Amino acid sequence: MASRDTVENDIVETWKREQIELKKKLVSEDCVNWGVSTEEPFSNLNLIGGVDISFPKGDADHACACLVVLNFPELEVVYEDLSMVHLTSPYVPEYLAFREVGFLVDLISRLGKDKPELLPQVILVDGNGMLHPRGFGIACHLGVLTDIPTVGVAKTLFHVDGIERDSYHADQALRSTQQACNPIYVSVGHKIGLETAVSLTHACCQYRIPEPIRQADIRSREYLRQHYTKELNNCSCKMQSSDTDASTEDKDDQRNRGDLVDNTCQTFNDLKLS
DNA sequence: GCGACAG
DNA sequence: ATCTTGTCGC
């Protein structure tokens, strides 16, 4: 009975060693010329990816993983792949990648096999990159495994020792849009510098959540609503107009409209002092 | 001992 | 991650 905790501790110890090992392959600076220093922000950027995983309400073992690729700077979805997956690892803070990253790698491999010409030049990941206790969050993990540049974008701050007092990590709280009061937290994933990661993320923000991640989130949720037919008792004939675009706003963008500006921006200011 | 803790 | 209600605005 008492062995379950012990087993999980052993697994986490294994995971920790693997993070430390994989981190040796991490590259935290720009490796490609994004064409920044010209008049156009990212003149060499054409394809940008986004990944996310959505869960149905009752079931923690199944989820819908989604990869989208958008063109840039139009930010239109040019590729979409959805996949129902079976989760085996639990969610343990600091070890999110061990629960989710495998499915994301699978989606990227499938894209590389089916339409390699659509492989994104950089992928925005829902979760942290180097803003992590060991500097190796899921964005780094995915980047190292796929060798594709990645950026970590978190919606809430992952508390790491030393971040509040001193942002030597040079991670930043970013205000995506003027009307979005809650910041997002951008950190380096792989093969990209922080400055580039931040401006690139900012260039993808039509709402609080950068469009690639936002689209992956919207589409994976929509997929669950349509295909994950759990025995939701009565109302089986509810039709919703599925708006794939501008009418689906970010929750926080809506809620943030008009109130709490001072308080939430306080958080932003606290953390921006890098 | 209790709380905090990306998704 | 997911749930919840109402509210505002186009």
Side-chain angles (χ1 to χ4, degrees), chain A residues 8 12 15-16 19 50-66 84-104 123-143 150-164 169 171-174 179-189 197 201 206-210 213-214 216-225 228 230 232-233 235 241 243 245-261 267 271:
Chain A
E8 291 197 350
V12 169
W15 286 348
K16 179 182 288 188
Q19 284 179 334
V51 288
D52 189 35
I53 297 185
S54 292
F55 295 77
K57 78 165 290 192
D59 191 349
D61 293 334
H62 295 281
C64 178
C66 179
M84 285 302 296
V85 299
H86 184 175
L87 304 233
T88 54
S89 302
Y91 168 63
V92 181
E94 305 183 15
Y95 304 92
L96 172 65
F98 294 92
R99 177 167 164 82
E100 300 190 346
V101 81
F103 307 110
L104 304 181
I123 301 173
L124 301 191
V125 183
D126 190 10
N128 290 304
M130 292 177 66
L131 178 51
H132 179 276
R134 281 164 300 287
F136 200 75
I138 187 172
C140 303
H141 207 127
L142 181 64
T150 54
V151 175
V153 180
K155 296 179 285 297
T156 62
L157 179 62
F158 193 20
H159 295 276
V160 177
D161 285 344
I163 289 296
E164 296 156 306
H169 267 75
D171 291 288
Q172 301 182 23
L174 176 68
Q179 54 268 46
C181 297
N182 294 133
I184 56 176
Y185 303 92
V186 177
S187 57
V188 169
T201 301
Q206 299 175 333
Y207 302 92
R208 185 175 81 115
I209 306 301
I213 293 178
R214 182 170 167 270
D217 180 70
I218 290 172
R219 288 159 190 254
S220 55
R221 276 203 179 122
E222 179 64 19
Y223 183 90
L224 286 178
R225 287 205 325 218
Y228 195 83
K230 205 61 176 176
L232 297 181
N233 307 326
C235 47
S241 53
D243 10 36
D245 270 323
S247 52
T248 310
E249 288 191 18
D250 187 272
K251 299 175 203 160
D252 292 312
D253 269 357
Q254 291 185 333
R255 197 195 319 145
N256 290 335
R257 218 163 262 175
D259 53 354
L260 302 175
V261 174
T267 305
L271 294 159

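Below, chains carry the letters A, B, ... as their sequence lines are ordered, and counting in each starts from 1. No experiment lies behind these values; they were computed from the predicted model shown.
- By the side chain to side chain contact (heavy atoms under 4.5 Å, CB included) test, A/Ser89 is found to be paired with A/Trp15, A/Arg99, residues two or more places apart in sequence or in another chain being considered.
- To the nearest angstrom, P of C/dA1 lies 11 Å from CD1 of A/Ile53.
- Minimum heavy-atom separation, A/His86 to A/Phe103: O-CZ, 3.2 Å.
- The shortest heavy-atom contact between A/Ser220 and A/Cys66 is CB-CB, 3.8 Å.
- Between the CG atom of A/Leu96 and the C1' atom of C/dA1 there is a distance of 9 Å, rounded to whole Å.
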>> Both atom distances under 3.5 Å, Watson-Crick or G-U wobble: I'd like the secondary structure of DNA chain B as a dot-bracket string, with | for pairs made across strands.
In response: .......

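- Base contact: A/Tyr91 has a heavy atom under 4.0 Å from a base atom.
- Phosphate contact (OP1/OP2 of C/dA1, side-chain N/O of A/Lys57, threshold under 4.0 Å): absent.
- Going from atom CG of A/Leu104 over to atom P of C/dA1 covers 14 Å, rounded to whole Å.
- Among the atoms of the strands shown, base atoms are found under 4.0 Å from some heavy atom of A/Tyr95.
- Residue contacts for A/Asp126: at a heavy-atom cut-off of 4.0 Å it reaches the sugar-phosphate backbone alone, with no base atom in range.
- Residues A/Ala139 and A/Thr150 approach most closely at O-OG1, 2.7 Å, considering heavy atoms.
- The side chain to side chain contact (heavy atoms under 4.5 Å, CB included) search around A/Ile138 returns A/Leu96, A/Ala97, A/Glu100, A/Val101, A/Leu104, A/Val125, not counting sequence neighbours.
- We find that CD of A/Glu222 is positioned 14 Å from P of C/dT2, with the value rounded to whole Å.
- A/Tyr207 places its OH atom 12 Å from the C1' atom of C/dC10, with the value rounded to the nearest Å.
- In this structure, A/Leu87 places its CG atom 13 Å from C1' of C/dT2, rounding to the nearest Å.
- By the 4.5 Å heavy-atom criterion applied to side chains, A/Tyr95 and A/Pro90 are not counted as neighbours.
- The list of salt bridge (charged side-chain N to carboxylate O under 4.0 Å, His left out) pairs with a residue in residues 125-134 of chain A, not counting sequence neighbours, reads A/Glu94-A/Arg134, A/Asp126-A/Lys155.
- Taking the ring-ring contact (aromatic ring centres under 6.0 Å, His included) definition, one finds that A/Tyr223 meets it with A/His227, sequence neighbours left out.
- Nearest heavy atoms, A/Phe55 versus A/Leu87: CE2-CD1, 3.6 Å.
- Nucleotides of DNA chain B that come within less than 4.0 Å of any heavy atom of chain A span, from the 5' end to the 3' end, B/dC5 to B/dG7.
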> For DNA chain C, what string of dots and brackets results from 5' to 3' when Watson-Crick and G-U pairs need both distances under 3.5 Å, crossing pairs get [ ], and pairs with another strand get |?
Replying inline: ..........

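- Residues that satisfy the side chain to side chain contact (heavy atoms under 4.5 Å, CB included) test with A/Ala154, not counting sequence neighbours, are A/Asn128, A/Tyr185.
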> Could you go step by step and tell me if A/Arg219 and A/Glu222 meet the salt bridge (charged side-chain N to carboxylate O under 4.0 Å, His left out) rule?
Replying inline: CA-CA 5 Å; A/Arg219 288 159 190 254; A/Glu222 179 64 19; over 6 Å; no

